[in-house]
Every structure is written in structure tokens, then in C-alpha cells.
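Note sheet for the following structure.
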Amino acid sequence: MLTELMDTAAVIKTPDLQSEAFINQAYIEGLLDKAKYTGDDVIRRILDKAERFEGLNHIEIASLLTTKNPAHIARIFSIAGMIKRHIYGNRIVLFAPLYVSDYCVNRCGYCSYNCGHEFNRKKLTMDEVREEVKILEQMGHKRIALEAGEHDTECPIDYILECMHTIYDMKFENGEIRRINVNIAATTVENYKKLNDVGIGTYILFQETYHQPTYDRVHHSGPKKDYAYHLTAFDRAHLGGIDDVGGGVLFGLADPYFEVLGLMIHNEHLEEKFNVGFHTISVPRICPAAGTDSAEFPNMVDDATFERIVAIIRLAVPFTGMILSTRENHAMRGKLLQLGISQISAGSSTEVGGYAKRERQEHSNPQFFVNDERTALEIITELMDDGYIPSFCTACYRSGRTGDRFMSLAKSGQIKNVCLPNALMTLSEFSLDYGDGPFKKKAAAAIARELPGIANEKIRLKAAANLEKISQGKRDFYF
């Protein structure tokens with residue numbers, strides 16, 4: 001059966017990947033249907049391949065998605081945990097979103113920013129941007145995801161660029177925001193060049209759903225309704241010089257297995273065309289938001305299915321970062337960290353001006369409701385208690401280790417020699433600058449425990465020397 005599927009792919013997949021229409025609905029649906037009959041021996045060989053950190057193609061992924069054999073499912077979870085530990089160790093990268101504008105011309109059925117919704121919309125002034133960033137820096141954040149609705153008049157590309165300049169220009173006693181990832185609407189090659197020139201980290205864009213009939217149904221009007229233009233945004237980003245891109249879907253809009261295969265085929269398309277796929281994959285699920293009705297979404301994903309999806313994605317793309325948003329509650333976050341998630345947000349607000357409003361205890365109107373309302377320090381402390389190393393590292397972006405350069409280092413296994421020391425140094429900074437007494441003790445113990453695990457002796461000794469300098473008040477060391 002697997003051979004038959006591969007023969008089918010040769011007929012259907014190859015021509016599509018040479019054009020803009022590289023997502024073929026009939027092919028994906030047929031693949032899922034045929035994959036149900038994949039034999040146990042074939043699935044065992046697929047899992048053996050995953051266990052060797054070789055990744056999986058979308059044909060193999062379909063077989064794992066559709067298997068109902070409890071033994072296979074248990075092994076999927078086991079291998080996902082093993083891959084997570086081997087490649088990422090116990091490091092968890094922290095970030096926070098920064099919403100700068102909720103003006104939007106799109107009418108999307110799942111989003112509270114829908115232009116048909118009546119509320120007092122807002123765009124931050126540069127002084128308000130500075131106020132938000134100051135609060136984020138006081139939480140210890142060094143990496144943010146800048147978010148905005150699509151509105152060429154109220155929120156043109158020049159406004160986004162001005163926000164980025166403003167943020168990068170801010171310097172604080174304990175540091176600054178060192179990496180700005182950007183999540184804005186699909187745009188032109190010229191605009192992506194402008195973002196690249198300012199110093200974007202990763203360009204993030206969710207396809208929302210790869211199932212075009214569903215896409216057409218939930219995108220009622222606006223430029224985002226153009227499925228093909230949205231789908232090819234990463235192609236234009238690469239042409240504009242941005243080689244770090246992050247994909248994702250909003251699970252719950254269409255069949256979740258279809259969405260996983262859409263993500264994987266999109267990743268393969270980018271690898272074939274630009275020699276590098278997604279730097280990160282985000283896995284948000286539909287959750288309640290003002291102006292949306294959950295009953296309109298019959299494909300909402302239950303927890304057990306969601307855990308399995310995360311685990312299979314980890315098997316499929318072992319070296320790709322996986323991001324979990326604040327849509328997930330405390331318990332689910334804990335489970336998914338073990339299965340493959342490598343980045344989480346902490347202390348987040350999903351509202352324009354929300355950090356300042358939270359400090360003033362004002363009423364909020366978020367894009368979606370946050371299900372983990374703990375403070376950044378509470379989340380980071382629990383990560384420490386659970387044996388993780390919170391990392392505020394931004395070194396790869398600042399050292400030019402992006403795109404295929406990052407992936408080649410990751411796949412060689414050498415990325416560990418920079419990730420762990422960088423994580424420890426940023427943890428030391430955070431502890432000294434933002435931690436309370438108990439946290440400082442935990443951080444010191446964790447650093448002492450983890451430092452000997454740096455395999456490269458030269459880097460280990462240099463990291464130890466840098467940690468001593470950090471304790472003396474110096475900052476911002478990285479490999």
C-alpha cells in the first residue's frame with residue numbers, strides 16, 4: 001500500500017509543486033483514505049525511520065495520522081518525547097506577543113478583528129509602543145512577536161517598520177528586545193524586503209486552513225480571501241530575502257489530518273524551492289473570542305487528537321521549532337512540552353495596548369481569550385521546577401544562523417554546542433535582573449547542573465567565564 005501511495009504521489013504531487021497550486025485537495029483526501037489501509041509492518045518501518053531522526057514525508061505522515069493501533073500510537077508519543085529530549089534537551093524558548101493595531105479590512109469568521117465587528121479599534125502610538133515594550137522588558141522578555149490586523153490605511157507597512165525601529169532603538173538598564181518576529185498579512189516582495197532590511201527575525205503567517213472550500217467559507221471578504229495569494233506569501237518572503245519563516249494553521253476550521261498534511265506539503269514545497277522549510281510551526285486551536293460562535297466550527301480538535309497531532313509533527317520535522325500559544329491551558333501546555341513543543345509565550349496579552357491596560361486593571365477586549373493567565377515569572381518558575389531551562393536566547397538570528405544555515409547546523413547535531421550555553425547565559429541574566437530570591441537559587445542550581453553537559457570543552461570553559469562576567473554585571477554574551 002505504501003508503494004502504491006508513493007506511485008500516486010509521483011503522478012499528482014510533482015507537477016503541483018512546480019506551480020502555485022502545490023496544495024491539491026483531491027490528492028490529500030485520497031492519500032488519507034488510502035493511508036487507513038497501511039499495514040502494521042509498514043507503520044513500524046515508518047516509526048523506525050522517525051526514531052533515527054530522519055523526518056517523514058507526507059505519505060508516511062498520513063499513515064501515522066490514520067492508524068488506530070494503540071501500540072503504534074503509544075510508540076508515536078514515545079518517539080516524540082525522545083526526539084524532543086535528544087534535539088532540544090530541556091530548553092524552552094520564551095517569547096511574548098505585542099499587538100500594535102486591531103484595524104482590519106478582512107471579514108474572517110473565526111476572528112474578533114473581523115471588520116464587521118463593532119468595537120473601538122486602536123493603533124498604538126510610538127509612545128504607547130514604548131510603554132508596552134517597557135512592560136515586556138520588565139518581565140524579562142528579549143524576543144517578541146509583533147502582531148497587527150490588515151489595513152493598508154491605518155496600518156501600512158511603514159507603520160510596522162516604524163514600530164520595529166522604535167522597539168530596536170529602546171535600551172534598558174538590563175538589556176533590550178533583541179529579536180522581533182513579525183506576524184502580519186501576506187504582502188509583496190518589496191514589503192518583505194523592507195522588513196528584512198529593518199531586521200525581522202522570523203516572518204510568521206498562518207494559512208489558517210489548507211482546505212480551500214473551508215478557506216473560502218470562513219473568509220467572507222477582504223484581501224485575505226485570496227487563497228492563492230495567501231498560500232504563496234512565504235515564496236515572496238524568500239524572494240524578499242527573509243529565509244526564516246514560520247507556518248501554522250488554526251486547528252478546528254477543517255479536518256485536522258488534512259491540515260497536518262497541508263503543512264507538511266507546504267514545508268516540502270519550500271524545501272524544494274528555497275532549500276529550507278519552516279523555521280517554526282505554530283499549532284493554535286480555535287478558542288472562544290468576542291464575536292465568534294464556537295458552534296460554527298464542527299471540526300474543533302479534542303485534547304487527545306491534539307496531543308497526537310503535535311507528536312506526529314515532531315516526528316515529521318524533528319529539527320523545526322514548534323510554538324504553543326496562550327490559547328492552551330496550564331495542563332495542556334505541560335503535556336505538549338513533553339511531546340515536542342520548544343517555544344511558549346509567557347505573561348501574554350492578546351490585545352492592542354493590553355500590557356498597559358493590565359497594569360492599570362482596565363477592561364480588556366482581546367483577539368482571543370488567554371487560557372493560561374499566570375504571570376511570566378510564575379510560568380518560568382514552573383518550567384524550572386519541572387526541570388526545564390527557560391531560554392531567552394536570540395543568538396542564531398543575531399549571528400546569521402538563519403534559514404538553511406540554521407538547519408544544516410541543527411541536522412549535524414552541532415546546534416547543541418551553542419543552544420545550551422546560550423540558554424544558560426540568558427537564564428543567568430534573567431535570574432539576576434528579574435528573579436526573586438527563591439528563583440535565583442533555582443537558577444543557580446540549574447546552571448551548575450547543566451553546565452558540565454556542554455560537550456565541547458572550549459565552549460564550556462568560555463560559557464563558564466561568561467557566566468562569571470554576568471554575575472559581575474556584564475550582559476549579552478552569546479555563541
Output yes when [X] and [Y] qualify as a salt bridge under the 4.0 Å nitrogen-oxygen rule, no when they do not.
| X | Y | value |
| --- | --- | --- |
| Asp169 | Arg130 | no |
| Glu351 | Lys122 | no |
| Arg45 | Asp40 | no |
| Lys142 | Asp476 | no |

Please report the C-alpha distance between Lys335 and Asp303 in whole Å, then the side-chain angles of each, then the deciding distance to 0.1 Å, and finally whether the salt bridge (Lys or Arg N to Asp or Glu O under 4.0 Å) criterion is met.
CA-CA 10 Å; Lys335 290 181 181 179; Asp303 287 354; 5.9 Å; no
Judged by atom type as modelled, is there a donor-acceptor pair below 3.5 Å linking the side chain of [X] to the main-chain atoms of [Y]?
| X | Y | result |
| --- | --- | --- |
| Thr166 | Glu162 | yes |
| Arg358 | Gly353 | no |
| Lys469 | Arg475 | no |
| Arg314 | Val317 | yes |
| Glu271 | Glu268 | no |
| Arg398 | Ala395 | no |
| His266 | Tyr210 | no |
| Asn422 | Val418 | yes |
| Ser399 | Arg401 | no |
| Arg460 | Pro421 | no |

What pairs meet the ring-ring contact (aromatic ring centres under 6.0 Å, His included) rule with one or both residues in residues 372-395, with sequence neighbours excluded?
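Output for this query lists Phe392-Phe430.
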Does the side chain to side chain contact (heavy atoms under 4.5 Å, CB included) test come out yes or no for Glu60 and Lys49, once each step is laid out?
CA-CA 10 Å; Glu60 295 162 335; Lys49 178 183 177 183; 2.9 Å; yes
Ignoring hydrogens and geometry beyond distance, is a side-chain donor-acceptor pair present between Tyr434 and Glu137 at under 3.5 Å?
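There is such a pair (donor and acceptor under 3.5 Å, judged by atom type) between the side chains of Tyr434 and Glu137.
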Taking only residues two or more places apart in sequence, or in another chain, which ones meet [X] in a ring-ring contact (aromatic ring centres under 6.0 Å, His included)?
| X | result |
| --- | --- |
| Phe53 | His86 |
| His72 | none |
| His141 | none |
| His165 | none |

Give me the ring orientation class for Phe278 and Phe234: parallel if the planes are under 30° apart, tilted from 30 to 60°, perpendicular past 60°.
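Perpendicular.
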Atom [atom1] in [X], atom [atom2] in [Y]: separation rounded to 0.5 Å?
| X | Y | atom1 | atom2 | result |
| --- | --- | --- | --- | --- |
| Ile160 | Glu147 | CD1 | CD | 10.0 Å |
| Ile200 | Leu161 | CD1 | CG | 9.5 Å |
| Arg179 | Ile167 | CZ | CD1 | 14.0 Å |
| Leu337 | Glu382 | CG | CD | 9.5 Å |
| Leu94 | Ser348 | CG | OG | 9.5 Å |
| Asn191 | Arg236 | CG | CZ | 10.0 Å |

Report, as yes or no, whether the 6.0 Å neighbourhood of atom NZ on Lys458 holds more than 12 heavy atoms from other residues, nucleotides or ligands.
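Result for NZ/Lys458: open.
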Salt bridge (Lys or Arg N to Asp or Glu O under 4.0 Å) involving Glu429 - partner list, sequence neighbours excluded
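Glu429 satisfies salt bridge (Lys or Arg N to Asp or Glu O under 4.0 Å) with Arg178 only.
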Using a 4.5 Å cut-off on heavy atoms from C-beta on, say whether the side chain of [Y] contacts that of [X].
| X | Y | answer |
| --- | --- | --- |
| Phe77 | Gln338 | no |
| Thr67 | Arg308 | yes |
| Ile323 | Val283 | no |
| Thr209 | Val249 | no |
| Val352 | Tyr113 | yes |
| Phe172 | Val133 | yes |

For [X], which residues count as a side chain to side chain contact (heavy atoms under 4.5 Å, CB included) partner, sequence neighbours excluded?
| X | value |
| --- | --- |
| Val301 | Phe251, Pro256, Arg285, Thr305, Phe306, Ile309 |
| Ser408 | none |
| Arg405 | Asp243, Thr402 |
| Asn275 | Asp404 |

Quick check: closest heavy atoms across [X] and [Y], and the distance to 0.1 Å?
| X | Y | value |
| --- | --- | --- |
| Tyr257 | Leu32 | CB-CD2, 3.9 Å |
| Asp302 | Ala304 | OD1-N, 3.1 Å |
| Ala356 | Glu132 | N-OE2, 2.8 Å |
| Ser342 | Lys84 | CA-CE, 4.5 Å |

Show which side-chain atoms of residues 439-455 pair as donor or acceptor with protein atoms under 3.5 Å away, not counting sequence neighbours.
{"residue": "Lys442", "atom": "NZ", "partner": "Asp385", "partner atom": "OD1", "Å": "2.7"}
{"residue": "Lys442", "atom": "NZ", "partner": "Asp385", "partner atom": "OD2", "Å": "3.4"}
{"residue": "Glu450", "atom": "OE2", "partner": "Asn90", "partner atom": "ND2", "Å": "3.0"}

Full working for side chain to side chain contact (heavy atoms under 4.5 Å, CB included) between Leu424 and Leu420
CA-CA 6 Å; Leu424 296 179; Leu420 179 55; 4.0 Å; yes
Ile344 vs Ile379, test: side chain to side chain contact (heavy atoms under 4.5 Å, CB included). Steps then yes/no.
CA-CA 10 Å; Ile344 62 171; Ile379 290 172; 4.1 Å; yes
Verdict with reasoning, Thr66 to Thr38, per side chain to side chain contact (heavy atoms under 4.5 Å, CB included):
CA-CA 9 Å; Thr66 54; Thr38 306; 5.5 Å; no
Can the positive tip of Lys123 be found less than 6.0 Å from the middle of the six-membered ring of Tyr159, inside 45° of the ring normal?
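Judged by the rule (NZ or CZ under 6.0 Å from the ring centre, within 45° of its axis), Lys123 counts as positioned above Tyr159.
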Among pairs that include at least one residue of residues 191-208, which meet salt bridge (Lys or Arg N to Asp or Glu O under 4.0 Å), considering only residues two or more places apart or in two chains?
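Only Glu208-Lys224 qualify under salt bridge (Lys or Arg N to Asp or Glu O under 4.0 Å).
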